[in-house]
Structure formats: structure tokens, C-alpha cells
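All ligand and atom numbering here is 1-based and tracks the order in the structure.
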Amino acid sequence: MKFNNLLIAEKTQWAIITINRPNKLNALNRETIQELHDGLKMLDEDKKVKAIIVTGSGEKAFVAGADIAEFADFSVKEGGKLAKKGQELLFDFVENLSTPVIAAVNGFALGGGLELAMACHFRLASDTARMGLPEVSLGVIPGYGGTQRLPQLIGKGRAMELIMTAGMIDSEKAKEYGLVNHVVSQEELLPLCEKIAMRIANNSPVAISNAIKAVNAGFKHSNDGFASEIEAFGACFGTADFKEGTTAFLEKRKAVFPGK
Ligand code: COA
């Protein structure tokens with residue numbers, strides 16, 4: 001399989017997927033989302049692969065979000081479709097994959113980037129990483145499961161504050177919040193992920209895939225939340241705030257929101 005935006009390294013018992021659009025800080029455009037789906041599916045079907053590590057190329061970013069340039073002129077309908085399709089193709093898909101997926105957060109994980117990391121089964125971060133859901137600064141909301149998975153992982157109050165302020169937290173804070181399990185230097189990040197992958201590889205893949213199913217089943221009651229997120233995300237695309245927020249980002253200026 002040939003990928004334009006991913007690098008895939010297959011080791012003896014695990015694989016590393018590197019999202020490779022460094023000049024766009026690995027932002028998730030449509031093609032990258034499709035390739036991640038295809039790449040994960042391919043590795044999941046490979047019996048030798050007992051764990052998958054997902055990381056970003058370069059030293060700066062894991063993934064700096066969904067590709068803003070791609071959706072800035074979308075309608076309400078297109079916005080809703082974007083969220084729904086993305087959730088089905090990638091974010092729900094990762095969460096429910098039977099092979100363990102570890103996010104190696106090597107830099108900025110913002111918006112769709114943090115949402116991807118949160119959809120992975122667990123996360124490690126470098127001490128240089130910064131995480132946040134800045135969507136409301138663009139006049140939109142997280143649409144790839146962020147309004148659901150962030151409160152699941154760090155609690156409602158902390159998630160509300162992070163979403164409302166569009167702020168970023170560093171790795172130490174993310175560890176304190178339980179968003180990431182371990183924080184190490186950038187050089188140590190992949191080796192530690194591989195060490196964990198190696199430990200996972202010693203165990204029963206069938207039992208692990210059942211454990212993933214069972215753990216995820218405990219959170220299934222929030223399915224309505226995901227549907228509400230898609231609807232609310234789409235609705236943002238019909239607002240003047242969204243037009244201003246995305247235009248300001250692309251024009252590299254601060255947004256001035258018309259507001260309520
Ligand atoms: N979508 C599209 N392009 C993006 C992007 C995104 N989410 N994030 C970064 N880029 C692009 C920039 O437009 C820039 O492209 P250019 O060189 O062609 O102009 C390039 O990546 C480098 O980013 P830049 O903003 O110049 O880097 P920086 O070091 O000044 O800032 C960030 C880094 C992460 C703080 C900043 O890029 C940012 O705020 N990104 C958007 C984050 C966001 O809101 N994500 C949620 C999307 S829903």
C-alpha cells in the first residue's frame with residue numbers, strides 16, 4: 001500500500017505510523033484521515049503486528065489539528081458530514097481497533113490532533129508537547145469526539161475549562177490530569193513506546209482485543225454525546241463567528257468575533 005502522508009515502519013512485533021506533513025504541522029486533511037484508516041486497517045489485519053504506535057514527523061508537532069484550510073468555506077451540511085465521516089473513518093475506528101494503539105505525542109497535539117491521541121488506547125508524551133482543543137478560538141467546537149473523550153479522560157470541569165479557554169497544557173499538567181501516562185524527553189519517547197509495545201506483545205492478542213472491547217463498552221452510554229457533537233459542530237458552520245475565526249487564522253490575524 002502506498003501512502004502520501006504517512007510513513008510506516010514495521011518492526012518484528014509492532015509498527016510505527018508517522019504522520020508526515022511536517023510543513024503543515026501534520027494537520028489532518030481528508031487524504032491523511034483516509035490513509036490513517038487504511039494504514040491502521042492493514043496493520044490490524046497483520047498477525048505479526050501486536051501493537052501500533054502513532055506519532056508525528058518533525059520535532060514540533062504530533063498533529064496541529066484538522067486542516068483548517070480545507071474546511072473554512074464549508075456549509076452547515078458539509079460541516080456535519082466532515083465530523084461524522086471523520087469520526088467513523090478514524091476516531092471511532094482507532095478506539096475500537098482490536099490491536100492496541102499507543103499515541104506518542106511528540107509536540108503540539110491540538111484540536112483533531114489531541115482528538116486522535118485521545119482516540120488511541122493510551123498516550124505518552126515528550127516533555128516538549130503541548131495539548132489543547134482550540135476550536136472555539138476559530139468559532140467552532142471539537143468535532144472528532146473531543147467533547148466526549150476529554151471529559152472521560154480528565155473529568156468534566158477540567159475539560160470544560162480547557163475547551164472554553166481554548167488553552168494549551170504542557171505534558172506535566174497532562175500527566176497530572178491523567179491525559180498521558182508517561183512524560184519523557186523527545187529522544188526517549190519512541191524507545192519507551194516500543195518498550196511498552198514489546199511488553200504488550202508478550203500477552204494474548206485475543207485477550208487484549210477482548211479487554212479493549214470490554215473497557216470501551218463501559219463508555220458506550222455516551223453515544224448520544226457523539227451525535228450531539230456532530231450536530232453542534234455542523235451548526236457552527238452557519239455562523240458569522242466561524243467565518244471570522246477560520247478566516248482570521250488563515251490571514252494570520254487575531255479573530256474579532258461578531259458574537260451572540
Ligand atoms: N490546519 C492547517 N494548517 C495548519 C494547521 C491546521 N490546523 N496548523 C498549522 N498549520 C500550518 C500553518 O498554516 C503554517 O502553514 P504555512 O507555513 O503554509 O503558512 C504551518 O502549518 C506552520 O504553522 P505556524 O502557525 O506558522 O507555526 P507556529 O509555530 O507559528 O504556530 C501553532 C504553531 C500550532 C500554535 C499554530 O500553527 C496553530 O495555532 N495551529 C492551529 C491549531 C488549531 O487551531 N487547531 C485546531 C483546528 S480545528
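- At least one heavy atom of Pro134 sits less than 4.0 Å from an atom of ligand 1.
- The proximity of Asn23 to ligand 1, defined as any non-hydrogen pair under 4.0 Å, is limited to the backbone.
- Remark: atom 31 (O) of ligand 1 lies closer than 4.0 Å to no protein heavy atom.
- For atom 23 (O) of ligand 1, the closest non-hydrogen atom on the protein side is Leu25 CD1, 3.6 Å.
- Side-chain polar atoms of Asn106 and Thr128 form no donor-acceptor pair below 3.5 angstrom.
- Taking every non-hydrogen atom of Leu138 and a distance limit under 4.0 Å, the qualifying atoms of ligand 1 come out as 44 (O), 47 (C), 48 (S).
- Close approach of ligand 1 to Lys60 (heavy-atom distance below 4.0 Å) involves ligand atoms 27 (O), 28 (P), 29 (O).
- Remark: minimum distance from atom 6 (C) of ligand 1 to any protein heavy atom is reached at Ala66 O, 3.5 Å.
- Remark: ligand 1 atoms within the under-4.0 Å shell around heavy atoms of Leu110 are 34 (C), 42 (C).
- Considering backbone and side-chain atoms together, Ala69 places no N or O closer than 3.5 Å to any N or O of ligand 1.
- Heavy-atom distances between Lys252 and ligand 1 reach below 4.0 Å in at least one pair.
- Checked by atom type, the side-chain pair Ser185/Glu188 shows a donor-acceptor distance below 3.5 Å.
- Close contacts between ligand 1 and Phe249 involve ligand atoms 38 (C), 39 (O), 40 (N), 41 (C) [criterion: under 4.0 Å to a heavy atom].
- By the definition of a contact as any protein heavy atom under 4.0 Å away, atom 38 (C) of ligand 1 is in contact.
- Looking only at atom types and distance, the side chain of Asn216 has a donor-acceptor partner in the side chain of Asn96 under 3.5 Å away.
- Ring planes of Phe242 and Phe71: parallel class, angle under 30° (limits at 30 and 60°).
- Ion pair Arg253/Glu244 flagged as a salt bridge, since at least one NZ, NE, NH1 or NH2 atom sits closer than 4.0 Å to an Asp/Glu carboxylate oxygen.
- Residues Lys11 and Glu194 form a side-chain contact, since some pair of their non-hydrogen atoms from C-beta on lies under 4.5 Å apart.
- Note on ring orientation: taking the six-membered ring where Trp is involved, the planes of Phe91 and Tyr144 are parallel (angle under 30°, cut-offs 30° and 60°).
- Of all heavy-atom pairs between Gly111 and Pro134, the closest is N-CD, 3.3 Å.
- In terms of protein heavy-atom proximity, atom 18 (O) of ligand 1 is closest to Lys24 NZ, 2.5 Å.
- Taking every heavy atom of Asp67 and a limit of under 4.0 angstrom, the matching atoms of ligand 1 come to 1 (N), 2 (C).
- Between the side chains of Ser171 and Asp127, not a single donor N or O lies within less than 3.5 Å of an accepting N or O.
- The one candidate from Ile53, Val101, Leu40, Leu7 that meets the side chain to side chain contact (heavy atoms under 4.5 Å, CB included) condition with Ile17 is Leu40.
- Atom NZ of Lys41 is separated from atom CG of Leu36 by 14.5 Å, given to the nearest 0.5 angstrom.
- Closest to atom 1 (N) of ligand 1, if we only count protein heavy atoms, is Ile68 N, 3.0 Å.
- The presence of a protein heavy atom under 4.0 Å from atom 44 (O) of ligand 1 is confirmed.
- Distances from atom 15 (O) of ligand 1 to the protein include at least one heavy-atom value under 4.0 Å.
- Of the N or O atoms in Ala64, one or more lie within a sub-3.5 Å distance of an N or O in ligand 1.
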